[in-house]
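Note that ligands are numbered from 1 as they come in the structure, with each ligand's atoms numbered from 1 the same way.
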Amino acid sequence: MARIACHQLVPSSMALLPLKSSLLHPSSALLCRPSLSVAIGLGRRQYSSKVTMSLRAGIVGLPNVGKSTLFNAVVENGKAQAANFPFCTIEPNVGIVGVPDPRLQVLSDLSKSQRAVPASIEFVDIAGLVKGASQGEGLGNKFLSHIREVDSILQVVRCFEDNDIVHVNGKVDPKSDIDVINLELVFSDVDQIEKRIDKLKKGKSSPQAKVKEEAEKSALERIQQALMDGKPARSVPLTEFEKDAIKHMCLLTMKPVIYVANVAESDLASPEENPHVKDVMKLASELKSGIVTVSAQVESELTELPSEDRLEFLNSLGVDESGLGNLIRATYDLLGLRTYFTSGEKETKAWTILSGMTAPQAAGVIHSDFEKGFIRAETVAYDDFVAAGSLASAREKGLLRSEGKDYVVKEGDVMLFRFNV
Ligand SMILES: Nc1ncnc2c1ncn2[C@@H]1O[C@H](COP(=O)(O)OP(=O)(O)OP(=O)(O)O)[C@@H](O)[C@H]1O
Ligand SMILES: [Mg+2]
């Protein structure tokens with residue numbers, strides 16, 4: 001028997017299970033956490049056939065550059081926005097944060113929802129890396145292995161001058177700091193690749209495994225060359241097959257990077273005038289990575305203030321809003337994530353999918369039964385929903401479309417799934 005499956009029909013306890021609010025990764029940089037993932041048969045696309053918990057962004061950088069300060073502010077801020085998240089903080093250094101999205105509140109108000117639940121992302125505070133980390137310096141190998149487990153990297157770069165706060169290399173120098181971190185990531189990858197290529201050369205495998213191993217070896221040799229030239233693995237063009245073949249390596253320089261320029265509060269109003277920030281901007285553009293400017297110090301002070309005093313404090317520094325929303329949003333976008341919504345009286349919820357996912361796959365993010373028994377999805381674009389004012393009115397106006405299993409979900413779709421159980 002067909003049932004209309006929407007958020008109201010999802011038992012509330014279901015929404016609390018981490019594996020249900022999960023998503024599927026296409027990228028070879030992803031899925032480096034076997035302990036957190038379970039296999040499911042997906043078949044249809046080139047995506048990895050696994051489901052994991054929400055995506056992780058690792059906060060990386062030299063010691064004492066403001067990583068933990070930023071982490072604490074992000075997690076505290078995210079908690080406030082997503083107070084109804086279960087397990088907000090899993091461990092002292094891993095926090096789940098809501099992704100700010102103004103559309104959520106609009107939909108929630110229109111549907112008179114009892115609650116609004118944002119999409120989520122995980123932030124991980126990783127201990128500082130120093131020169132020689134890839135040789136084990138300063139527990140480097142341990143910290144590098146933590147970076148292997150994240151899906152993207154936020155590299156915090158110190159851009160604030162403060163003689164009371166020790167800089168491990170004696171002076172504030174973003175270019176040198178970025179080089180140190182990137183070189184350690186490169187060295188670590190080179191090391192891994194050398195070992196793997198040796199193993200592949202010696203290996204005797206079945207003809208079937210051989211094809212994949214050949215692809216892996218060819219991809220690794222090209223990456224090795226790029227690394228020798230000081231370029232990251234992500235700069236090497238690879239086929240889908242090659243990406244899949246090297247995925248298990250979890251190469252550090254395959255992960256997308258955002259540089260987080262951590263500035264003094266006095267620079268917050270016009271960070272681009274700070275020469276250190278200029279350096280980071282230039283490098284980020286050369287390395288084809290994103291950049292976000294924040295003051296971790298200000299953000300952490302903001303979380304200590306009652307919410308009614310925050311704007312006044314920000315205004316006193318010459319800005320109108322906290323930089324964290326930007327940072328969280330940029331991280332979400334960097335991972336190639338997309339949002340669709342379910343919206344009704346009980347709750348309005350933002351769900352995370354990857355671009356290119358079909359309606360059944362998007363339904364599977366809510367629950368695997370929704371994907372298995374998928375019949376159709378009633379879908380309305382966000383703008384149409386807002387213009388109509390409600391789902392019922394969108395239906396009356398003919399804006400609600402009935403889409404089948406090949407429909408590729410679009411950013412901002414509001415969806416209602418019909419499925420068989
Ligand atoms: N934008 C900023 N302006 C001024 N001081 C800052 C700023 N950001 C962080 N700090 C200060 O820098 C010091 C180091 O910060 P934090 O402990 O967050 O660094 P960390 O990168 O986590 O270090 P570690 O690698 O040792 O864990 C703290 O005293 C913090 O208050
Ligand atoms: Mg720290």
Side-chain angles (χ1 to χ4, degrees), residues 56-78 89-95 97 122-134 136-147 150 153-174 176-178 180-182 184-185 257-281 291-305 310 313-314 316-319 321-324 326-327:
R56 288 185 162 193
I59 303 181
V60 172
L62 292 179
N64 229 21
V65 293
K67 299 182 298 297
S68 299
T69 312
L70 182 71
F71 172 83
N72 289 333
V74 168
V75 171
E76 193 51 45
N77 179 274
T89 304
I90 294 172
E91 288 170 30
N93 58 349
V94 181
V97 168
E122 258 177 69
F123 281 82
V124 190
D125 179 23
I126 296 171
L129 289 178
V130 287
K131 199 171 184 165
S134 55
E137 200 62 46
L139 289 178
N141 286 328
K142 186 162 181 256
F143 301 158
L144 286 163
S145 75
H146 293 159
I147 306 177
V150 301
I153 292 175
L154 302 181
Q155 193 176 135
V156 179
V157 186
R158 176 167 167 178
C159 292
F160 62 91
E161 299 278 356
D162 187 330
N163 293 337
D164 291 336
I165 296 171
V166 176
H167 188 292
V168 276
N169 298 333
K171 73 175 172 82
V172 179
D173 183 349
S176 146
D177 293 3
I178 289 174
V180 168
I181 298 294
N182 287 348
E184 292 309 321
L185 305 185
V257 179
I258 294 180
Y259 291 95
V260 182
N262 183 13
V263 299
E265 64 172 47
S266 53
D267 281 336
L268 207 51
S270 29
E272 61 289 344
E273 283 169 25
N274 173 331
H276 297 316
V277 176
K278 277 189 192 151
D279 286 349
V280 182
M281 281 175 166
I291 170 170
V292 175
T293 308
V294 291
S295 171
Q297 188 67 33
V298 168
E299 299 298 346
S300 92
E301 282 168 23
L302 270 177
T303 62
E304 313 268 302
L305 288 177
R310 292 182 185 181
F313 177 52
L314 284 168
S316 75
L317 300 171
V319 288
E321 57 176 353
S322 149
L324 293 183
N326 243 341
L327 177 72

Run the numbers for me: atoms of ligand 1, each under 4.0 Å from some heavy atom of [X], listed by number.
X	answer
S295	1 (N)
G128	25 (O)
P63	23 (O), 25 (O)
V65	19 (O), 20 (P), 21 (O)
V263	1 (N), 2 (C)

Is there side-chain contact between [X] and [Y], with at least one heavy-atom pair below 4.5 Å?
X	Y	answer
R158	I165	yes
V257	N182	no
T69	N262	no
E299	L302	yes

What protein heavy atom is closest to [atom], reported as residue, atom name and distance in Å?
atom	value
atom 25 (O) of ligand 1	K67 NZ, 2.7 Å
atom 12 (O) of ligand 1	I165 CD1, 3.5 Å
atom 27 (O) of ligand 1	S68 OG, 4.0 Å

Strictly under 2.8 Å, is any N, O or S atom of T69 next to the Mg ion (ligand 2)?
no
Kindly say whether [Y] contributes a backbone atom to a donor-acceptor pair with the side chain of [X] at under 3.5 angstrom?
X	Y	value
S295	A264	no
D177	V157	no
E184	G132	yes
K67	Q155	no

Hey, does Q297 come in under 3.5 Å of ligand 1, counting only N/O atoms on both sides?
yes
Below the 3.5 angstrom mark, is there an N/O of A264, backbone or side chain, next to an N/O of ligand 1?
no
Could you pull out, from G66, S300, C159, G61, the option with a heavy atom nearest to atom 19 (O) of ligand 1?
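Residue with the shortest heavy-atom distance to the ligand atom: G66.
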Heavy-atom proximity to atom 8 (N) of ligand 1, best of N262, N64, T69:
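Selected option, by shortest heavy-atom distance: N262.
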Side chain or backbone of V298 under 4.0 Å from ligand 1, or both, or neither, by non-hydrogen atoms?
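None of V298 does.
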